[in-house]
Amino acid sequence: MTTTPTKPEPMRRPIGETRAISTAIGGLLAMAAAIGVGRFVYTPIVPAMIEALDLSKTQAGLIASANFLGYLIGALLAAMPTLPGSRRLWLLCALTVSSLTTGAMGLFETMPMFLVQRFVGGAASAFVLIIASTVVLERLATAGRSGLSAVHFAGVGSGIAVSAALVTAMLLLGHDWRSLWLASGAVSLLALLAVAILLPVRAAIPAPLPARGGDVAGDASLRRLIIAYGLFGFGYIITTTFLVTIVRITPVIRGVEPVIWIVFGLAAAPSVALWAWIARRFSISAAFALACVIEAAGVLASVAWQTAIGILVAAILVGGTFMGITALGLIHARALATGEPRRALALMTGTFGLGQIIGPAFAGIVSDSLGSFTVPSIAAAAALLLAAALARN
């Protein structure tokens, strides 16, 4: 008597693993919509706004600074331990506000409305960053898949790359700056719908017990890191805000404008995973300092090596480091803090936010006065080198 061999059943992913992957992708889309698009799509759009509306570089810098002021205030509010209600609801509401204020930039032409829209959008993006990271990383840790956090943080670079491709395609098709904002807002709304599906309601996780008290800013190493983080905020944001503008106003490299911001985003997407590996191989402080030095080289290259190759190298060096430094700084602050780390993270956020606010306004004013971004970029590179020195001491 013969028996027919049974056909092996296809391999299936465990339900927990599937949920962990969908959670990481949900985080990626949230970060892409609010940060990659909401915060950084201004960079490829602002040259078209400057030309169409005859904005000065000072005005362009002030619009950027309004967004970063909103980010600073939003980050401090989102970090409050008494934030009421569901964190998921806060996340979805913040994503909605970020998407609507992004699209609404295409409905107005006055500086006051630009400043208000970017300020509110900046606050919303901070809420998304902090709450999405809390929800996603907590769920991944519960599932035993903390390694997927790199997927979550890849959302910033992915959002930059996608929005850059969208803006480039629409400019080639002859669309004006208003359409660029409206389309970017629409893409963010689509991401919002996906996030709502990928991050469903879950049972509440009990809050951790309060940590022991302590002077979180009393350690000299932590104080130096807080100052270094503020210098980094100033150092990276000038190139990040005006890179596409630098390309457009420089005839010899204008041809790479359609791809420069895409390259920047593609370099940023895997950068957190890369710098986390370097930190494990050496140390967090060494990785932070090295990334600052490499970023300083990229900032200088954007104004000193103005060839097609040079500006692409600048985009790769700055794009491939800014998210890594952001993550390493916060991780290192948590490690150095004695007791409850919230105050240390608040101080880090505060100095970082101040650097981001000062940088674009300073660069715009100096560029209008001197006719180029060379001096602001040199100042930014110097700030990054000083940050590297402080982090290592």
Side-chain angles (χ1 to χ4, degrees), residues 24-25 27-46 64 67-68 71 98 125-126 128-129 132-133 136 148-168 184 187-188 191 229 232-233 235-244 246-247 256-279 287-288 290-299 301-302 311-331 352 355-356 359-360 380 384:
I25 295 173
L28 179 148
L29 291 174
M31 298 284 275
I35 312 297
V37 178
R39 278 184 69 190
F40 289 118
V41 77
Y42 179 71
T43 298
I45 295 178
V46 69
N67 184 253
F68 299 126
Y71 174 84
S98 176
S125 71
V128 173
L129 173 65
S133 296
V136 170
L148 288 173
S149 61
V151 175
H152 168 70
F153 287 111
V156 177
S158 301
I160 289 173
V162 169
S163 61
L166 173 68
V167 169
T168 297
S184 299
V187 168
S188 295
Y229 210 56
F232 158 60
Y236 98 94
I237 199 60
I238 291 174
T239 304
T240 303
T241 300
F242 291 111
L243 179 62
V244 179
I246 291 170
V247 171
V256 301
E257 182 181 347
V259 300
I260 191 69
W261 199 237
I262 299 174
V263 171
F264 186 97
L266 292 175
S271 62
V272 173
L274 170 65
W275 286 104
W277 177 83
I278 293 173
F288 184 98
L290 176 61
C292 284
V293 171
I294 292 173
E295 187 162 294
V299 169
S302 70
I311 202 69
L312 289 171
V313 168
I316 292 169
L317 294 182
V318 179
T321 52
F322 85 99
M323 277 303 298
I325 300 171
T326 302
L328 291 174
L330 295 176
I331 292 169
F352 179 71
Q356 287 190 124
L384 287 164

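Because the structure is predicted, anything quoted here is derived from the model rather than measured.
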Check: Does any non-hydrogen side-chain atom of V162 lie less than 4.5 Å from one of L166?
Finding: no
Next item on the list: Search all heavy atoms of I311 against all heavy atoms of V256 and return the closest pair with its distance.
Entry: CG2-CG2, 3.5 Å
Notebook entry, point to check: Of the non-hydrogen atoms in T168 and P258, which two are nearest, and what is the gap between them?
Noted result: OG1-O, 2.8 Å
Next item on the list: Nearest 0.5 Å please: distance from the OG atom of S188 over to the CG atom of L29.
Entry: 10.5 Å
Checklist line | Nearest heavy-atom neighbours spanning A380 and G235 | finding: CB-O, 3.3 Å
Note to self: Using only atom types and a distance under 3.5 Å, with no angle test, would you say the side chain of S302 pairs donor to acceptor with the backbone of V299?
What the structure shows: yes
Check: So do the side chains of C292 and I325 get within less than 4.5 Å of each other, counting heavy atoms only?
Finding: yes
Note to self: For a quick test of reading the model, state the closest non-hydrogen atom pair linking P270 to A267 and the distance between them.
What the structure shows: CD-O, 3.5 Å
Next item on the list: State, with a plain yes or no, whether a side-chain heavy atom of I45 is found less than 4.5 Å away from one of V244.
Entry: no
Next item on the list: State, with a plain yes or no, whether a side-chain heavy atom of W261 is found less than 4.5 Å away from one of T43.
Entry: yes
Next item on the list: Would you give the length of the straight line joining atom CD1 of I316 to atom CZ of F264, rounded to the nearest 0.5 angstrom?
Entry: 11.5 Å
Check: Between the main-chain N or O of G319 and the side-chain N or O of Y236, is there a donor-acceptor pair closer than 3.5 Å?
Finding: no
Next item on the list: Output the distance between atom CD (E257) and atom CG (L243), rounded to the nearest 0.5 Å.
Entry: 10.0 Å
Next item on the list: Under the ring pair (Phe, Tyr, Trp, His ring centres under 6.0 Å) rule, collect the residues that match up with W275, sequence neighbours excluded.
Entry: none
Margin query: Treating T321 as the side-chain partner and V318 as the backbone partner, does any N or O pair qualify as donor plus acceptor under 3.5 Å?
Written below: yes
Notebook entry, point to check: How close do A301 and A314 get, heavy atom to heavy atom, and via which atoms?
Noted result: CB-CB, 3.9 Å
Margin query: Measuring from atom CD1 of I35 to atom CE of M323, what distance do you get when rounded to the nearest 0.5 angstrom?
Written below: 8.0 Å
Notebook entry, point to check: With sequence neighbours left out, what residues match S133 under side chain to side chain donor-acceptor pair (under 3.5 Å)?
Noted result: H152
Note to self: Taking the side chain as everything from C-beta on, heavy atoms only, tell me whether I237 gets closer than 4.5 Å to F68.
What the structure shows: yes
Check: Could you give the distance from OG1 (T240) to CD (Q356), rounded to the nearest 0.5 Å?
Finding: 9.0 Å
Notebook entry, point to check: Just wondering, do I260 and L312 contact through their side chains at under 4.5 Å, heavy atoms?
Noted result: yes
Checklist line | Where G359 and I238 come nearest, the two heavy atoms and their spacing | finding: O-CG1, 3.6 Å
Item checked: Aromatic plane relationship, F232 with F288 - under 30° parallel, 30 to 60° tilted, over 60° perpendicular -> perpendicular
Next item on the list: State the CE-CZ distance between M31 and F153, to the nearest 0.5 angstrom.
Entry: 5.5 Å
Notebook entry, point to check: Where does the angle between the aromatic ring planes of Y71 and F352 fall among parallel (under 30°), tilted (30 to 60°) and perpendicular (over 60°)?
Noted result: perpendicular
